[in-house]
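See structure below.
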Amino acid sequence: MNYNNAYAAYRDTNVKTASQGKLIVLLYEGAIKNLRAAQSCFNSENKVEPKDIEKFGNFIMKTQDIINELQVSLDMDKGGQISQNLMSLYVYFNQELMTANINKDKQKIEFVLNMLTQLNEAWVTASNSQANAPAQPVQRTLNIQG
């Protein structure tokens, strides 16, 4: 098995066995990775070279796909105000990224990247919290006295 196949197998296993919180973190990490890659398409004059336009657009579109996945994962019934706020943010991020893609706007990418990074940090904390920890077995004592 070569390195790429081993990594793909590891990644697939990681996704298949991850908790819901961890899956959300993985989505955020994917979005952040793609936005950083989009940033790398800018030259020293903050312009995207014609040879990099397609690559740049693909990175933005992958990020938008991930944000769309985050949107559909929201439980609007149980999530209440938090889900509503996240939905609004995700819609806004996609609008900003669409504009960034059309206008090759590095500042919009940096803004969305900064916001996703902050949200990711919050999700990492939440997914590592006791609320997402495996349930501990309940120890009961039997009282045989009447």
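The model shown is predicted, which means the values in this text are computed figures rather than measured ones. Computed from heavy atoms alone, side chains included, the values below leave out hydrogens, waters and symmetry copies.
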Grouping I, L, V, M, F, W and Y whenever their side-chain heavy atoms are under 4.5 Å apart, do Val48 and Phe111 come out in a common cluster?
yes
Does Leu119 belong to the same Ile/Leu/Val/Met/Phe/Trp/Tyr cluster as Met87, with side-chain heavy atoms less than 4.5 Å apart forming each link?
yes
Could you tell me whether Ile82 atom CD1 has more than 12 heavy atoms of other residues or ligands within 6.0 Å of it?
no
Joint cluster assignment, Tyr92 & Trp123, ILVMFWY side-chain distance < 4.5 Å
yes
Test salt bridge (charged side-chain N to carboxylate O under 4.0 Å, His left out) applied to Lys55 and Asp52, step by step:
CA-CA 5 Å; Lys55 184 169 58 168; Asp52 293 328; 3.7 Å; yes
Heavy-atom pair of closest approach, residues Lys104 and Phe42:
O-CE2, 3.3 Å
Do you know the tightest heavy-atom contact between Ala31 and Ile66?
N-CD1, 3.4 Å
Closest non-hydrogen atom pair between Lys22 and Ser127, with its separation
N-CB, 4.0 Å
Just by distance, with hydrogens left out, do Asn85 and Gln81 show a side-chain donor and acceptor under 3.5 Å apart?
yes
Measure the spacing between CZ of Phe56 and CD of Gln39 and express it to the nearest 0.5 Å.
9.5 Å
I'd like to know whether NZ of Lys106 has more than 12 heavy-atom contacts from other residues, nucleotides or ligands below 6.0 angstrom.
yes
Check Glu96 against Val112 and note the closest heavy-atom contact, atom names and distance.
CB-CG2, 3.8 Å
Check the pair Val25, Asn120 against side chain to side chain contact (heavy atoms under 4.5 Å, CB included), reporting the backbone distance first and the verdict last.
CA-CA 6 Å; Val25 168; Asn120 182 53; 3.7 Å; yes
List the residues meeting side-chain hydrogen bond (donor to acceptor under 3.5 Å, both in side chains) with Asn114, not counting sequence neighbours, and say none if there are none.
Gln118
Within this structure, what is the CD1-CE distance for the pair Ile32 and Met115, rounded to the nearest 0.5 Å?
12.0 Å
Which one of Ile109, Asn94, Leu35, Asn58 satisfies the side-chain contact (heavy atoms from CB on, under 4.5 Å) criterion with Thr63?
Leu35
Does Gln107 have any side-chain hydrogen bond (donor to acceptor under 3.5 Å, both in side chains) partners at least two apart in sequence or in another chain, and if so, which?
none
Taking atom CZ of Phe59 and atom NZ of Lys33, what is their separation to the nearest 0.5 Å?
8.5 Å
Closest heavy-atom contact between Gly79 and Ser83?
CA-OG, 3.1 Å
Are Tyr28 and Val124 co-members of a hydrophobic cluster defined by side-chain heavy atoms under 4.5 Å apart?
yes
Nearest 0.5 Å, what's the CG-CD1 distance between Leu97 and Ile60?
5.5 Å
Which value, rounded to the nearest 0.5 Å, describes the distance between Leu89 atom CG and Gln71 atom CD?
10.5 Å
In terms of hydrophobic clusters joined by side-chain contacts under 4.5 Å, are Met76 and Ile67 together?
yes
Nearest-0.5 Å distance, CG of residue Leu70 to CZ of residue Phe93:
10.0 Å
Backbone N or O of Asp77 within a donor-acceptor pair of the Asp75 side chain at under 3.5 Å?
yes
